[in-house]
Amino acid sequence: MKFEKIAAPKGVREYLPPESQAFEWVRQQLISPAKRAGYQLMELPVFEDTSLFNRGVGESTDVVTKEMYTFEDRGGRSITLRPEGTAGVMRAVIEGNLDRGQLPVKVWYSGQFFRAERPQAGRYRQFYQVGIEAIGIDDPALDAEVIAIADQGFKNLGLKNYRLEITSLGDAQSRAAHRVDLMKFVSKLDLDEATRTRSEINPLRIFDDKRPEIKEAMQSAPILMDYLSDYSRDHFEKVKSYLDALGVSYTVNKRMVRGLDYYTGTTFEFVHDDLGAQSGIGGGGRYDGLMEVLGGQALSGIGFGLGVDRALLAAIAENTLPVQDFNSDLFIIPLSLDEKAYVLNLAQEVRRAGFAVEVAFGDRSLKGAMKGADKSGARFVAVIGESERESGDVELKRMSDGTSIRVKISELQKVLEA
RNA sequence: GUGGGCGUAGCUCAGCUGGUAGAGCACUCGGUUGUGGUCCGAGAUGUCGCGGGUUCGAGCCCCGUCGUUCACCCCA
């Protein structure tokens, strides 16, 4: 009887050995600056009440209208697999009353996110992000620090071919004024129906169109930055000066568009040059109305999400991944069935002393077992037979040069440490 | 959701104008007693993505389908 194979669901990105090692390294590098800046872990559910995203991310966004994995659970509740991280963090902060303590609340998260899009290079239906949120303080210095933390994550990976683009989306008032003028401008353009519809939902979208004729037409469109209130403009100027002071280089992109509705004020994006169409490796910004919309206090917040999958692709493209295979310190081979229990025991003992120890399994020939030891990359190999078992000695063979020495088990630690 | 490329061994790929499947790497075993890397020898592995059609005959041609990949859209 032969069973059919079951394949992974379409578009999921999974990491198997040896690649998983690089993935884990990348994730660690990306988030370590946040940990050192006092951000604390938040472990959240991967599914939430659907209305959290409808309200938080925005009904007009593509993410909500056509990319969410939404289903009904057995209790008839509408559930959605999280498409992004910020809304869930805010929900948990409100629910856990973290905003009733000292501000800003500083948290980080790491995990998988879900969007039902057509898969493509760097775009998956289940993908990985790490991110941080700093909630409750509206200080341009905090904006700058958040951006610098993200930047440091990419620097940790050794990346060079990326750039940081920043802009200010202003406050609600500046946006409303701009929207009126932009709508007027766009309505005069000759657009196909799909683009027209999109522009009516969010006219800023048209700035993001890649077609040359549209780009050309948008050259003279009214720019949001020209509509910023005094407060917003001043805030943005300060963010820039702090970034300058931090030595974080950036370019101001007055036409930047973000796909999530909650962004206000400082908004930023990290773009990598070697990645093809899906070039955004991270992004974030301030979201001053979000907490209130979700039923909490009217507190401001700022955060970012970094794409672990894409950061890994970028590190591969720039060839910055360190070679770091797992190499055990000791590989133990039992010569016969009689030594198995003894060897298992010995391995546990040496592990307790803090060393990485592997055991040969499967009753292969000694030659085969040695081959396995060689491929494992172990520094030392010990073959245990009757004489070793009786004497309590171990003959350690150093694989790099083939020499071997006989030691007492009690002296093992000293040799392995050398 | 729309469009293009590609599906042959675990991996990378050959396979002529249609004549019923191959290489390299990897893997396992062996090259006399309890010691790896190199070398030599042997071995295992495929419903040629799947379904249909054309044909005496299809891995090769045609249609469909699924998967994958790239781009649009969108974004991490």
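All values derive from a computational prediction rather than experimental measurement. So that the names make sense, note that chain A is the first sequence line, chain B the second, and so on, each numbered from 1. All heavy atoms count here, side chains included; hydrogens, waters and symmetry mates do not.
Listed by chain and residue number, A:H178 satisfy the ring-ring contact (aromatic ring centres under 6.0 Å, His included) test with A:Y227 (two or more places apart in sequence, or in another chain). Taking the side-chain hydrogen bond (donor to acceptor under 3.5 Å, both in side chains) definition, one finds that A:T65 meets it with nothing, sequence neighbours left out.
Under the salt bridge (Lys or Arg N to Asp or Glu O under 4.0 Å) criterion, the residue pairs touching residues 370-385 of chain A are A:D329-A:R379, with sequence neighbours excluded. Contacts classified as ring pair (Phe, Tyr, Trp, His ring centres under 6.0 Å) and involving residues 267-292 of chain A (residues at least two apart or in different chains) are given here: A:F154-A:F270, A:Y262-A:Y287. Pairs engaging residues 27-40 of chain A under the salt bridge (Lys or Arg N to Asp or Glu O under 4.0 Å) rule: A:E24-A:R27 [sequence neighbours left out]. Sequence neighbours left out, the pairs with a member in residues 154-163 of chain A that pass salt bridge (Lys or Arg N to Asp or Glu O under 4.0 Å) are A:D151-A:K155, A:R163-A:E165, A:R163-A:D273. For residues 276-292 of chain A, every residue pair satisfying the salt bridge (Lys or Arg N to Asp or Glu O under 4.0 Å) rule, not counting sequence neighbours, is listed here: A:D138-A:R286, A:D143-A:R286, A:R286-A:D288.
Comparing the P positions of B:rA58 and B:rG52 gives an interatomic distance of 13 Å, to the nearest angstrom. Only the P atoms considered, B:rU45 is 15 Å distant from B:rA9, to the nearest whole Å. One C1' atom belongs to B:rA23, the other to B:rU8, and the distance between them is 13 Å to the nearest Å. Rounded to whole Å, the P atom of B:rC61 lies 35 Å from the corresponding atom of B:rC27. With both ends at atom P, the span from B:rA21 to B:rC50 equals 16 Å, rounded to whole Å. Distance noted for atom P between B:rU12 and B:rG7: 12 Å (whole Å). Taking atom P on both B:rG3 and B:rC73, the two are 16 Å apart, rounded to the nearest angstrom. Rounded to whole Å, the separation between the C1' atoms of B:rG1 and B:rG59 comes to 34 Å.
At a cut-off of 3.5 angstrom, the base of B:rG36 holds at least one donor-acceptor pair with the side chain of A:K397. Contact annotation: side chain of A:E117 to base of B:rA76, donor-acceptor pair present below 3.5 Å.
Across A:K66, A:K10, A:R123, A:R125, a single residue satisfies salt bridge (charged side-chain N to carboxylate O under 4.0 Å, His left out) together with A:E117, and that is A:R123.
Between the C1' atom of B:rC75 and the OH atom of A:Y128 lies a distance of 18 Å, rounded to the nearest Å. Protein atom OH of A:Y162 is 18 Å distant from nucleotide atom P of B:rA76, rounded to whole Å. Straight-line distance from the CZ atom of A:R115 to the C1' atom of B:rC73: 14 Å, rounded to whole Å. Rounded to whole angstrom, the span from the CG atom of A:D62 across to the P atom of B:rC74 amounts to 6 Å. Nucleotide B:rA76 holds its P atom 12 Å from the CD atom of A:E133, rounded to whole Å. Atom CZ in A:R310 sits roughly 8 Å away from atom P in B:rA76 (whole-Å rounding). Atom CZ in A:R364 sits about 16 Å away from atom P in B:rU35, given to the nearest Å. If you take CD of A:E269 and P of B:rC74, they are 13 Å apart, rounded to a whole angstrom.
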message: Please determine whether salt bridge (charged side-chain N to carboxylate O under 4.0 Å, His left out) holds for the pair A:R406 and A:E395, giving the CA-CA distance in whole Å, both sets of side-chain angles, and the decisive distance to 0.1 Å.
response: CA-CA 4 Å; A:R406 205 171 176 88; A:E395 183 159 301; 3.3 Å; yes

- request: Step by step, work out the side chain to side chain donor-acceptor pair (under 3.5 Å) result for A:S168 and A:T266.
  value: CA-CA 4 Å; A:S168 174; A:T266 311; 5.7 Å; no

Atom pairs, protein N/O to nucleotides 68-71 of chain B N/O, distance under 3.5 Å:
from   : atom 1 : to     : atom 2 : distance (Å)
B:rU68 : OP2    : A:K10  : NZ     : 3.4
B:rC70 : OP2    : A:A121 : N      : 2.8
B:rA71 : OP1    : A:A277 : N      : 3.0
B:rA71 : OP2    : A:Q120 : NE2    : 3.1

Between the protein and nucleotides 31-34 of chain B, which nitrogen or oxygen pairs are less than 3.5 angstrom apart?
from   : atom 1 : to     : atom 2 : distance (Å)
B:rG31 : N7     : A:K367 : NZ     : 3.3
B:rG31 : O6     : A:K367 : NZ     : 2.7
B:rG34 : O6     : A:S387 : OG     : 3.4
B:rG34 : N1     : A:E388 : OE1    : 3.1
B:rG34 : N1     : A:E388 : OE2    : 3.4
B:rG34 : N2     : A:E388 : OE2    : 2.7

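Between A:S400 and A:V63, the residue whose closest nucleotide on RNA chain B is further toward the 5' end is A:S400.
For the pair A:F23/A:V308, a side-chain contact is recorded, criterion being any heavy-atom separation below 4.5 Å from C-beta on.
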Would you mind writing out the side-chain donor-acceptor pairs for residues 217-226 of chain A within the sub-3.5 Å range, not counting sequence neighbours?
none

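More than 12 heavy atoms of other residues, nucleotides or ligands shown are found within 6.0 angstrom of CD on A:E19.
Taking every heavy atom of both residues into account, A:G153 and A:P33 meet most closely at N-CG, 3.7 Å. Between A:L312 and A:A22 the shortest heavy-atom distance is CD1-CB, 4.0 Å.
Neither OP1 nor OP2 of B:rC75 sits under 4.0 Å from any side-chain N or O of A:S279. Contact annotation: A:K371 side-chain N/O to B:rC27 OP1/OP2 distance is not under 4.0 Å.
The aromatic ring of A:F127 sits over the base of B:rA76, with ring centres less than 5.5 Å apart and planes tilted by under 30°.
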statement: Per-nucleotide protein contact along nucleotides 41-46 of chain B, 5' to 3', at a 4.0 Å heavy-atom cut-off (B base, S sugar-phosphate only, - neither), is ------

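Using a 30° and 60° split on the angle between ring planes, A:F127 and A:F113 fall in the tilted class, from 30° to 60°.
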statement: Given Watson-Crick and G-U pairs under 3.5 Å, RNA chain B in dot-bracket ([ ] crossing, | other strand) is (((((((..((((.....[..)))).(((((.......))))).....(((((..]....))))))))))))....

